[in-house]
Amino acid sequence: MSEPKKTLLLVDGSSYLYRAFFAGGGDMKITLPDGREQKTGAIRIMINMMQSLRKEYPTDFVACVFDAKGPTFRDAIYPQYKAHRDPMPDELRSQIEPIHEVVRLLGWSVLDVPGVEADDVIGTLAVTAARQGIEVIVSSGDKDLAQLVDEHITIIDTMNGKRRDLAGVEAEFGVPARLMLDYQTLVGDTVDNVPGVPKVGPKTAVKWLQEYGSLQAVVDNAHQIKGVVGENLRNALGWLPTGRSLLTIKTDCELGDRIPSLPLLDTLIPAVQNSEALLAYCERFGFKGLAKSLAAGASNGAAGAGGGGGNGGAGGAAQAAKAGSATKPNPGLFDAENPGLFDSAPEAAATHEPRVPPAGYETILSWEALDQWLAKITAAELTALDTETNSLDEMRAEIVGISFSVASGAAAYIPLAHNYPGAIDQLPREEVLAKLKPWLEDPAAKKLGQHIKYDRHVFANHGIEVQGYAHDTMLQSYVLEVHKPHGLSSLAERHLGRSGISFEDLCGKGVNQLTINQVDIAKVAEYACEDAEQTLEVHQTLWPLLQQDSGLEFIYALEIRSSEALYRIERNGVLIDAPTLAAQSHALGQRILQLETEAHELAGQPFNLSSPKQIGEIFFTKLGLPVVKKTATGAPSTDEEVLEKLAEDFPLPAKILEHRGLAKLKGTYTDKLAQLALPRTGRVHTHYAQAVAVTGRLSSNDPNLQNIPIRTPEGRRVREAFVAGAGNVIASADYSQIELRIMAHISGDAALLRAFTEGLDVHRATAAEVFGVAVEQVTSEQRRYAKVINFGLIYGMSAYGLARNLGIDNTAAKNYIQRYFERYPGVKDYMDRTREEAKAKGYVQTVFGRRLYLPEIGSPNGQRRAGAERAAINAPMQGTAADLIKLSMVAVQQVLDAEQRGTRMIMQVHDELVFEVPEAEVDWLKIEIPRLMAGVAELKVPLLAEMGVGPNWDKAH
């Protein structure tokens with residue numbers, strides 16, 4: 001039996017304010033102790049309305065949203081916005097603050113966000129909740145909110161009994177909810193002074209939308225609409241985009257300190273009514289009769305709640321922990337400290353007796369306790385900081401709680417959004433974050449974390465840009481011991497001899513796994529405190545080891561700075577042109593179907609192009625193609641290597657290869673890229689895994705931007721969909737032949753150094769050396785051979801591998817390699833020297849000191865040992881290239897910040913940095929970025945970065 005869906009109740013507080021006032025709320029008044037006269041009628045009616053609504057709709061989450069003082073973005077777009085509205089009556093204005101106060105005391109979250117209208121706050125909260133599978137009820141008389149209605153969002157108007165669900169909206173307005181914004185744009189809004197199309201009322205708007213299907217279609221067919229109304233429409237075409245923008249309820253607002261952008265709805269759990277504060281409030285405003293009923297209700301609701309959120313709540317949490325199941329967050333939902341662990345098998349949540357948490361662990365449930373810990377972390381030289389969240393997706397993750405540690409055995413957890421039945425009262429998240437924000441954003445307040453880039457995003461989702469991150473234990477491990485796991489639990493076991501609470505211990509596994517906000521606060525507090533404390537202790541162990549080696553210390557500092565630059569790149573994201581991708585998908589689909597037909601014709605029968613068994617039968621039984629190699633079971637292989645070999649001589653394998661490539665391109669990129677765009681930005685925000693590749697290279701995923709195939713026209717075309725926003729272009733800066741330049745520097749080979757120092761075409765120069773001809777006599781074929789040799793030897797390519805790549809016999813390949821080493825003896829010396837160094841130390845190093853460990857270098861297995869030797873030759877070059885691009889990222893971001901440029905880094909792909917650039921900064925960029933990239937290090941040969949600019953990523957090459 002599935003659990004009932006949770007529900008969020010949102011109140012349009014501004015609408016309620018006016019209704020309360022005009023329902024008699026301007027008449028009642030009292031005289032305050034200071035002699036001032038205070039109107040109270042709207043306050044009392046508001047209390048009744050809020051109490052009645054909660055009684056009728058006992059939902060899981062509640063919030064009352066008010067308009068804040070001051071202008072909004074709409075005033076900037078259209079200065080006449082709401083120009084005809086009468087100013088708020090003074091009698092109502094004086095009651096606003098008391099109304100806000102009592103709504104909070106009644107247990108509601110109260111939101112009024114400067115610069116953002118209440119409708120937009122409601123829209124952001126409602127859509128966010130709906131995406132989480134939460135049902136949303138919005139109480140408001142404002143018809144504009146009908147554009148939010150969908151299968152999860154319903155508008156109710158308690159004053160007249162209207163229910164605007166999907167059926168209700170269509171019945172009332174004549175158009176489905178999805179067309180309400182189009183309808184409003186055509187009709188306009190006289191209340192807010194937003195013009196529509198002159199003389200177009202509801203009937204005409206409905207008629208047009210029913211006939212054409214959307215506003216865009218109406219606009220596209222404006223030339224066909226006759227009469228005065230058609231002329232008015234055509235005259236209004238220039239205004240309609242502005243009108244639509246003014247009328248659009250934003251659902252992706254950055255809501256600042258009051259509540260984070262894309263807020264976690266668990267923050268909006270109804271608080272227990274505070275009986276003492278309510279009684280004092282009623283006494284202050286003379287609500288004697290109301291005081292009795294409120295006091296009774298508050299006292300009943302507060303039973304067992306620890307005095308309305310004070311320290312007494314801790315005891316209740318401890319009792320709840322004994323009754324509940326122990327459950328740490330789903331690696332698929334949270335465990336950002338152990339990225340990449342997604343292999344939980346379905347298993348019920350385990351039940352354990354609760355452990356006794358260390359005496360130095362504290363759960364913060366009161367403002368007094370928070371103030372005490374804020375003083376501790378402010379005074380501390382270094383504070384371990386950790387977040388508990390609801391998602392591994394850093395762009396969507398929202399805070400459930402925060403933990404700190406400043407010393408071994410001392411840690412604290414602030415629960416902020418636990419919402420299981422019976423959860424103890426927690427401090428309001430938006431107010432806690434507002435209180436912590438100055439410390440979080442203070443660069444002088446040194447902080448430590450495990451995977452700090454993730455936590456940066458989480459805080460940024462709540463409007464906080466954390467400054468002062470000095471250390472990251474994940475990156476410390478990555479630099480010290482790249483070949484080992486870097487998750488916190490592994491680090492604690494390896495370096496502290498401690499085994500802590502696992503995520504599965506806390507939350508269970510599989511289909512029964514809980515999310516962190518559903519787990520008892522006492523249990524999560526111990527887990528979170530332990531994480532923060534262990535992070536601090538791991539740092540105290542690893543940091544001195546890094547300081548013992550200047551090279552490792554430099555690399556660690558580079559990784560910390562790169563983490564911040566990557567955070568910025570991820571945050572910026574890249575704009576995706578969905579229509580371009582859709583057109584490419586369609587074209588690919590047509591070509592894939594055509595290839596299937598052609599393959600069937602060549603085979604003489606239909607077959608599944610994805611079935612190795614059917615392909616094998618047709619290749620080797622029916623058509624008698626030669627067997628290239630066999631599988632482990634002895635059957636003829638049809639893997640990609642075999643297909644490539646057979647495709648040299650036979651058309652059918654070539655068709656199948658092309659079919660596979662296009663199907664993969666379509667399924668991985670053209671079909672999916674647009675779907676991965678974040679709705680609130682319209683951009684794709686890839687995740688750069690920093691602690692994965694042993695060479696120091698970055699790994700891109702969700703989506704993987706580094707594996708977009710560029711060897712085929714169809715693959716290159718995908719990059720056309722990576723575009724710039726209006727007034728911007730895409731720019732790409734790429735290191736030229738970086739690994740060959742690094743080889744020249746590391747090997748010190750005189751001929752290679754001369755080629756790069758003199759600016760020669762290095763492949764042409766190599767061809768001249770290997771083939772014994774003058775540079776100007778080198779043919780294009782010889783240059784191609786030399787290019788394969790140059791890059792092949794960097795990767796430790798054998799004579800056999802070179803022969804296959806060039807399509808020549810092994811003897812010729814051996815001769816080429818021998819001639820190469822005769823001409824470039826420094827390269828041969830480097831390779832021999834590096835193999836010996838790797839065997840002696842177990843690792844090799846980059847130019848800057850990064851260690852690249854080779855566990856198989858001493859393996860008794862010859863094949864594994866040979867693979868490790870090849871890696872030993874290449875790793876210093878790949879690793880140095882990785883160091884250089886990270887140095888470039890850091891240097892470029894520093895200049896962009898220092899000069900307050902509009903240019904943004906949006907991708908890092910291999911040796912390439914990609915930018916979104918205002919057109920006015922293109923000339924500056926073309927000079928400055930290559931200069932910066934070339935100047936990040938002094939090698940024995942000059943570094944060269946090449947820059948391209950275009951309307952999309954493909955055209956920027």
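Everything quoted here is computed from the prediction, not taken from an experiment.
Defined by atom type and a distance below 3.5 Å, a donor-acceptor pair is missing between the side-chain atoms of Thr535 and Gln450. Side chains of Glu465 and Tyr567: a donor-acceptor N/O pair is present below 3.5 angstrom, by distance only. In this model, a donor atom of one side chain and an acceptor atom of the other lie less than 3.5 Å apart for Gln476 and His539. Residues Tyr454 and Thr389 bring a donor and an acceptor atom of their side chains to less than 3.5 Å of each other. A side-chain donor-acceptor contact under 3.5 Å links Thr387 and Asp455. In summary, the side chains of His495 and Glu481 do present a donor paired with an acceptor at a separation below 3.5 Å, with no hydrogens or angles considered. Remark: the Ser391 side chain and the Asp393 side chain contain no N/O donor-acceptor pair separated by less than 3.5 Å.
Here the side chain of Lys447 pairs no donor or acceptor atom with the backbone of Val466 at under 3.5 angstrom. Side chain of Ser700 to main chain of Tyr688: no donor-acceptor pair is present (N/O by atom type, distance under 3.5 Å, no hydrogens or angles). A donor-acceptor pair is defined here as one N or O able to donate and one able to accept, closer than 3.5 Å; no such pair exists between the side chain of Glu398 and the backbone of Asn390. At distances below 3.5 Å, not a single donor-acceptor pair connects side-chain atoms of Arg680 with backbone N or O atoms of Thr124. Formation of a donor-acceptor pair under 3.5 Å by the Gln534 side chain with backbone atoms of Leu488 is not found in this model. Using modelled atom types, no side-chain atom of Tyr281 and backbone atom of Glu101 make a donor-acceptor pair closer than 3.5 Å. In this structure, Tyr556 contributes its side chain and Asp472 its backbone to a donor-acceptor pair below 3.5 Å. Side-chain atoms of His486 never come within 3.5 Å of backbone atoms of Leu475 as a donor-acceptor pair (strictly under, hydrogens ignored). Without hydrogens or angle criteria, Asp386 side chain to Ala532 main chain gives no donor-acceptor distance under 3.5 Å. In terms of modelled atom types and a separation under 3.5 Å, the side chain of Lys437 and the main chain of Gly463 share a donor-acceptor contact.
Taken from NZ in Lys453 to CD1 in Ile560, the straight-line distance is 12.0 Å, to the nearest 0.5 Å. Between the CD1 atom in Ile501 and the CG atom in Asp531 there is a gap of 8.5 Å [rounded to 0.5 Å]. Expressed to the nearest 0.5 Å, how far CG of Leu382 lies from CG of Leu448 amounts to 5.0 Å. Summarising the geometry, atom CE belonging to Met907 is positioned 10.0 Å from atom CD1 belonging to Ile569; distances are rounded to the nearest 0.5 Å. To the nearest 0.5 Å, atoms CD (Gln372) and CH2 (Trp367) are separated by 14.0 Å. If you take OG1 on Thr681 and CG on Asn572, they are separated by 10.5 Å, rounding to the nearest 0.5 Å.
The minimum heavy-atom distance linking Ile555 with Gly849 is given by the pair CG1-C, 3.9 Å. The two atoms that bring Gln426 and Ala417 nearest to each other are OE1-N, 3.2 Å, heavy atoms only. Residues Ala397 and Asn461 approach most closely at O-ND2, 2.7 Å, considering heavy atoms. Listed here is the closest heavy atom pair of His418 and Ile269: O-CD1, 2.7 Å. Taking both residues in full, the closest heavy atoms of Val62 and Gly107 are given as CG2-O, 4.1 Å, listed atom of the first, atom of the second, then distance. Scanning both residues, Cys529 and Ala412, for their nearest heavy atoms gives SG-C, 3.5 Å.
Two residues are said to be in side-chain contact when any heavy atoms from C-beta on lie closer than 4.5 Å; Ile399 and Leu433 meet this criterion. Counting heavy atoms from C-beta on, the side chains of Ile464 and Leu436 never come closer than 4.5 Å. Here the side chains of Asp897 and Arg568 are in contact, with some heavy-atom distance below 4.5 Å. Looking at Arg901 and Val895, their side chains never come closer than 4.5 Å, going by heavy atoms from C-beta outward. A 4.5 Å side-chain heavy-atom check between Ser408 and Gln540 finds at least one atom pair inside the cut-off. Side-chain contact between Ile364 and Trp373 is present, with at least one heavy-atom pair separated by less than 4.5 Å. Taking the side chain as every heavy atom from C-beta outward, Asp371 and Glu368 never approach each other to under 4.5 Å. Within the 4.5 Å cutoff, the side chain of His685 has no heavy atoms near those of the His457 side chain.
Ring orientation note: the planes of Trp439 and Phe404 are nearly perpendicular, at an angle over 60° on the 30°/60° scale. Ring geometry, Tyr843 versus Tyr853: the interplanar angle falls from 30° to 60°, so the pair is classed tilted. Note: His687 and His451 have perpendicular aromatic rings, judged against thresholds of 30 and 60 degrees for the angle between ring planes.
Glu394 has no carboxylate O lying under 4.0 Å from a charged side-chain N of Arg456, or vice versa, which leaves the two without a salt bridge.
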Notebook entry, point to check: Going through the checks in order, is the side-chain contact (heavy atoms from CB on, under 4.5 Å) test met by Leu698 and Lys886?
Noted result: CA-CA 9 Å; Leu698 298 173; Lys886 287 177 177 176; 3.9 Å; yes

Note to self: Checking Ile885 against Leu913 for the side-chain contact (heavy atoms from CB on, under 4.5 Å) test, could you report, in this order, the C-alpha distance in whole Å, the side-chain angles of both residues, the deciding distance, and whether it holds?
What the structure shows: CA-CA 8 Å; Ile885 200 66; Leu913 296 178; 4.0 Å; yes

Next item on the list: Determine, step by step, whether Asn517 and Val524 satisfy the side-chain contact (heavy atoms from CB on, under 4.5 Å) criterion, reporting the C-alpha distance in whole Å, the side-chain angles of both residues, the deciding distance to 0.1 Å, and the verdict.
Entry: CA-CA 9 Å; Asn517 54 292; Val524 178; over 6 Å; no

Checklist line | Residues Val482, Leu852; criterion side-chain contact (heavy atoms from CB on, under 4.5 Å); working and verdict | finding: CA-CA 7 Å; Val482 66; Leu852 311 157; 5.7 Å; no

